[in-house]
Structure formats: structure tokens, C-alpha cells
Amino acid sequence: MTQVSRYGHMLKVTIEGVRTKVRGRYRVDGSVLADTIDAQMVGAEVEVDIDSPDAPERVARVLRNAERGCFVMQA
């Protein structure tokens, strides 16, 4: 949400509200007792709803840039 606000400001797009849902998928292999435990995140799904009076194309541009500029999404 920080990147949406930041890039909205930079692109002069009014952002009135943002709602985000994040679903993470994880996997754990190995054994704690055998000292071989290995956990990893295998994926993430993100849903973003943006309230803005600006044209949908301009809001989509903000969202595209926010996704590409998000450290978590790029990980």
C-alpha cells in the first residue's frame, strides 16, 4: 500500500483508499528432531482494490509501477 500511495503521488493520481488481501503459500520439509527443517514461501497472491476518481488507465499505471517497485513482490 505504501508504494501505491507513493507512486500515485509521483504520477499525480488521486488515491482515496486502498484495500489489500494477501494469501501466502508455504512449504515445510524435514524434521525438527533430525535438525533438517526447511521452510520456504512458494508463492503469494495479492488482491488490491483502489478507490480513485481518476481514469482507470491512470490507476492501472500506478498499480503496475507499485507491483514492480515492491520488494516483497519481487522476492
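Keep in mind that what you see is a predicted model, and the values were worked out from it rather than measured.
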> What distance do Ile50 atom CD1 and Thr14 atom OG1 have between them, rounded to the nearest 0.5 Å?
Replying inline: 12.0 Å
> To the nearest 0.5 Å, what is the distance between CG (Asp29) and CD1 (Ile37)?
Replying inline: 8.0 Å
>> Does this structure show an ion pair linking Arg23 with Glu47, if we count only N-O contacts that are shorter than 4.0 Å?
In response: yes
> If you measure from the Lys or Arg side-chain nitrogens to the Asp or Glu carboxylate oxygens, is any gap between Asp51 and Arg19 under 4.0 Å?
Replying inline: yes
>> So Glu45 and Lys21, do their side chains get closer than 4.5 Å, heavy atoms only?
In response: no
> Given Glu67 and Gln3, is the side-chain contact (heavy atoms from CB on, under 4.5 Å) satisfied, shown in steps?
Replying inline: CA-CA 8 Å; Glu67 183 175 324; Gln3 301 297 40; over 6 Å; no
Is there a path of hydrophobic side-chain contacts, each under 4.5 Å between heavy atoms of I, L, V, M, F, W or Y residues, that connects [X] with [Y]?
| X | Y | result |
| --- | --- | --- |
| Leu11 | Val59 | yes |
| Val32 | Val28 | yes |
| Met10 | Val62 | yes |

Where [X] and [Y] come nearest, the two heavy atoms and their spacing:
| X | Y | value |
| --- | --- | --- |
| Asn65 | Tyr7 | O-CE1, 3.4 Å |
| Met41 | Gly24 | CE-CA, 4.0 Å |
| Ala44 | Arg25 | N-NH2, 4.3 Å |

> Do any N or O atoms from the side chain of Thr36 and from the backbone of Ser31 form a donor-acceptor pair under 3.5 angstrom?
Replying inline: yes
